[in-house]
Amino acid sequence: MKTIFDPMIRAKLIERIEQISEKNSAVWGKMNIHQMLKHNTYWNGWVLGTDPHTYRQEWLGKIFGKMALKSMIKNEKPFDKNIPTSAQFKVKDTSCDLEFEKAKWILLVKEYERFHNPNFVHDFFGKMSKEQIGILAYKHSDHHLRQFGA
């Protein structure tokens, strides 16, 4: 299984992020390139715990979260197109400094080398093992890079 904790996988993700430019447009979904970048910098910062976050599982996640997580990370199959995201990760800003957000995302990807966030609780999936986090973080990044043809 591909995991963001594998140095080779991180290097490949970084190469793909570096390829992103204003020319990339969404193959699916409602986000533009700027929203996608900001979404990913916020999401990865949330997982890594780089900013103060409140970690709490939603009530619906307490019922279905573990089953959904198991289904999403059981094999190499990429995430489906147009999967929903929590409100806290929806980016309303439609513009940003593209190069700044790319550089920020790359730094966050590199930060997984030193991952340590024992307080992390996914808002839907709940408490996760480091292995589960690694697979999910890879698949999340891959999903959005594929969304924009990178």
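All values reported here derive from a predicted model rather than from experimental measurement.
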Side-chain heavy atoms under 4.5 angstrom apart, residues restricted to Ile, Leu, Val, Met, Phe, Trp, Tyr: same cluster for [X] and [Y]?
X: V47; Y: L107; value: no
X: V91; Y: L108; value: no
X: M1; Y: M8; value: no
X: I83; Y: V27; value: no

Between [X] and [Y], is any pair of side-chain heavy atoms under 4.5 Å apart?
X: D142; Y: P78; answer: yes
X: E99; Y: D97; answer: yes
X: I14; Y: V109; answer: yes
X: L37; Y: H144; answer: no
X: E58; Y: F125; answer: no
X: I20; Y: L145; answer: yes
X: M128; Y: L136; answer: yes

**Request:** Taking atom types as modelled, find out whether H34 and H39 have a side-chain donor-acceptor pair closer than 3.5 angstrom.
**Result:**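 No - no donor-acceptor pair under 3.5 Å links their side chains.
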*Would D80 and H143 count as having a side-chain donor-acceptor pair, cut-off 3.5 Å?*
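Not at all, the side chains of D80 and H143 share no donor-acceptor pair under 3.5 Å.
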Closest non-hydrogen atom pair between [X] and [Y], with its separation:
X: G65; Y: Q57; answer: CA-NE2, 4.5 Å
X: T3; Y: I135; answer: OG1-N, 3.8 Å
X: S141; Y: N44; answer: OG-ND2, 4.2 Å
X: Q147; Y: M36; answer: OE1-CG, 4.2 Å
X: R146; Y: F79; answer: NH2-O, 3.1 Å
X: T94; Y: Q35; answer: CG2-NE2, 3.8 Å

Quick one: [atom1] on [X] to [atom2] on [Y], what's the gap to the nearest 0.5 Å?
X: M72; Y: H140; atom1: CE; atom2: NE2; result: 9.0 Å
X: I9; Y: Y138; atom1: CD1; atom2: OH; result: 5.5 Å
X: I73; Y: L69; atom1: CD1; atom2: CG; result: 4.0 Å
X: F148; Y: S25; atom1: CZ; atom2: OG; result: 7.5 Å
X: E101; Y: I17; atom1: CD; atom2: CD1; result: 11.5 Å
X: K38; Y: L98; atom1: NZ; atom2: CG; result: 11.5 Å

Is the number of heavy atoms from other residues, nucleotides or ligands within 6.0 Å of [atom1] ([X]) greater than 12?
X: K66; atom1: NZ; result: yes
X: K127; atom1: NZ; result: yes
X: Y55; atom1: OH; result: yes
X: Q88; atom1: CD; result: yes
X: K110; atom1: NZ; result: no

> Who passes salt bridge (Lys or Arg N to Asp or Glu O under 4.0 Å) against D123, sequence neighbours left out?
Replying inline: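 With neighbours one apart ignored, the set is empty.
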Checking K102 side chain against E18 main chain: does a donor-acceptor pair fall under 3.5 Å?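 Such a contact is found between K102 side chain and E18 backbone.
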Those residues that, when tested against F115, pass ring-ring contact (aromatic ring centres under 6.0 Å, His included) (two or more places apart):
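Per chain and number, F115 pairs via ring-ring contact (aromatic ring centres under 6.0 Å, His included) with F5.
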Set of residues satisfying ring-ring contact (aromatic ring centres under 6.0 Å, His included) with respect to Y42, sequence neighbours excluded =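 For Y42 the ring-ring contact (aromatic ring centres under 6.0 Å, His included) partners, ignoring immediate neighbours, are H53, F89.
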